[in-house]
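What follows is a single structure, written as structure tokens, with notes after it.
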Amino acid sequence: TKYCLLNITVPEKTEPKTYSIQPYVIWRNPDNSINQTYSQVIYVTVNPTRIINVTIKPSEIIVNHDSTNITYFLINSTGNAEVRNITFECLLETSICPYISFNPSFISSISAGNYSNISIIISLPAGFSPGNYYPVINVTSTDNTFDSFNFKITVPTNSSWTLDKE
């Protein structure tokens, strides 16, 4: 009985399924003669790999109080299978997160190799405290894959005033 090590490399984004291969083997015997044979069929199962990758994300946005500003980011499905049930969440900046929403707010699936554009809508009420805020946007899937990013939201000081004649 002879054994050999067979290394199988599966290219990126190979469709998840079971493949069959039948290696053709050539070897040199100790007496320098050459033998060859087709070996038995080998089955290789490529499992689904579901990966979320957030790209083209904002780094900074300015939002005045009592106004709305919109930016966006892209979610890529970079594995070999669709990513399913994708949700978005704003974390860490508890004072500004209630004023951040996403459109769409949920994605049922993104097929492998494709992407989706997500709008981040920041709507601040009048009198919102000026300053710099650094929310973390978390993108998760029920397929146990996620990605996140943070960006800077600057709320400038409001130096306007009103004169009320009485």
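Being a predicted model, the structure only gives us computed values, none of them experimental.
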Give a yes or no answer on whether the side chain of [X] reaches the backbone of [Y] with a donor-acceptor pair at less than 3.5 Å.
X    : Y    : result
N138 : E89  : no
N53  : T78  : no
N114 : E82  : no
D143 : R84  : yes
D66  : G127 : no
E93  : Y134 : yes

Problem set entry | Within one Ile-Leu-Val-Met-Phe-Trp-Tyr cluster: I120 and V54, side-chain cutoff 4.5 Å |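 Same cluster: I120 reaches V54 through Ile, Leu, Val, Met, Phe, Trp or Tyr contacts under 4.5 Å.
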Problem set entry | Joint hydrophobic cluster, I56 plus Y115, side-chain heavy atoms closer than 4.5 Å |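 Yes; Y115 is reachable from I56 via cluster members.
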[X] vs [Y] side-chain heavy atoms within contact, under 4.5 Å:
X    : Y    : answer
I122 : I153 : yes
V139 : S148 : no
P135 : I100 : yes
P58  : I61  : no
P104 : I118 : yes
I21  : V41  : no
S123 : I121 : yes
S141 : N85  : no

Heavy-atom pair of closest approach, residues [X] and [Y]:
X   : Y    : value
S77 : V83  : OG-CG2, 3.4 Å
T14 : P11  : OG1-O, 2.5 Å
N64 : P156 : OD1-CG, 3.0 Å
E60 : T154 : OE2-OG1, 3.4 Å
I70 : S119 : CG2-CB, 4.1 Å

For [X], I'd like to know if atom [atom1] has over 12 heavy atoms of other residues, nucleotides or ligands within 6.0 Å.
X    : atom1 : answer
N132 : CG    : yes
F151 : CZ    : yes
Y43  : OH    : no
Q22  : CD    : yes

Exercise. So F88 and F102, would you call those rings parallel, tilted or perpendicular, with 30° and 60° as cut-offs?
Worked result: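 Rings of F88 and F102: tilted, 30 to 60°.
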Exercise. side-chain contact (heavy atoms from CB on, under 4.5 Å) between V63 and T68: does it pass, once the steps are laid out?
Worked result: CA-CA 7 Å; V63 184; T68 297; over 6 Å; no
Nearest 0.5 Å, please: how far is [atom2] in [Y] from [atom1] in [X]?
X    : Y    : atom1 : atom2 : result
I34  : R28  : CD1   : CZ    : 4.0 Å
R50  : N80  : CZ    : CG    : 8.0 Å
N29  : N35  : CG    : CG    : 4.5 Å
I52  : I107 : CD1   : CD1   : 8.5 Å
T142 : N144 : OG1   : CG    : 8.0 Å
I86  : T145 : CD1   : OG1   : 9.0 Å

Exercise. Do the two ring centres, one from F149 and one from F73, sit under 6.0 Å apart?
Worked result: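 Yes, the ring centres sit under 6.0 Å apart.
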Exercise. Is the Y133 to F128 ring centre distance short of 6.0 Å?
Worked result: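 Yes, they do, as the ring centres are separated by less than 6.0 Å.
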For this session: Go through the steps to decide whether I110 and I75 satisfy the test side-chain contact (heavy atoms from CB on, under 4.5 Å), and finish with yes or no.
Result: CA-CA 9 Å; I110 302 174; I75 303 171; 3.9 Å; yes
